[in-house]
Amino acid sequence: MINTNSLRDQFIEFLETGAVITELYVLDTQVTGEPDLTGLTVVEVQANFVVFQQVASPGVGLIYVVLDKIVAFAV
């Protein structure tokens, strides 16, 4: 499992730089081996969760993900 403190720090950096997260994998995916979310920017980082928005689909709304449910990501 990923250390959520260092993971939180990484997402704070992504928030500050405006980096796009190309793929975000979380526990209990609907399709095994496929990213749950793609093309995300970080909107907010809290103590135990991160708020994302999809770059290509801003109308989708905000997406909340608990830090300890994040398995991996690619930038």
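Residues take their numbers from the sequence shown, with the count starting at 1.
- Residue I12 is grouped with residue L67 when hydrophobic side chains (ILVMFWY) are merged at heavy-atom distances under 4.5 angstrom, including chains of intermediate members.
- Separation of atoms OG1 (T38) and CD (Q54) is listed at 5.5 Å; rounding is to 0.5 Å.
- Taking the six-membered ring wherever Trp is involved, the centroid distance between the rings of F52 and F73 does not fall below 6.0 Å.
- Under the 4.5 Å side-chain criterion, counting only non-hydrogen atoms from C-beta, I21 is in contact with F11.
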Q. Please walk me through it: do I70 and L7 pass side-chain contact (heavy atoms from CB on, under 4.5 Å)?
A. CA-CA 9 Å; I70 296 172; L7 183 61; 4.0 Å; yes
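- When hydrophobic clusters are built by joining Ile, Leu, Val, Met, Phe, Trp and Tyr residues whose side-chain heavy atoms come closer than 4.5 Å, directly or via intermediates, I63 is grouped together with V75.
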(Q) Between L24 and D36, does the side-chain contact (heavy atoms from CB on, under 4.5 Å) criterion hold? Intermediate values first, please. (A) CA-CA 6 Å; L24 181 71; D36 274 354; over 6 Å; no
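- The backbone N or O of N48 sits nowhere less than 3.5 Å from a side-chain atom of R8 that would complete a donor-acceptor pair.
- When each of V50, V51, V20 is paired with V42, the side-chain contact (heavy atoms from CB on, under 4.5 Å) condition holds for V50 and for no other.
- For the residue pair L15 and E44, the shortest heavy atom distance occurs at CD1-N, 4.3 Å.
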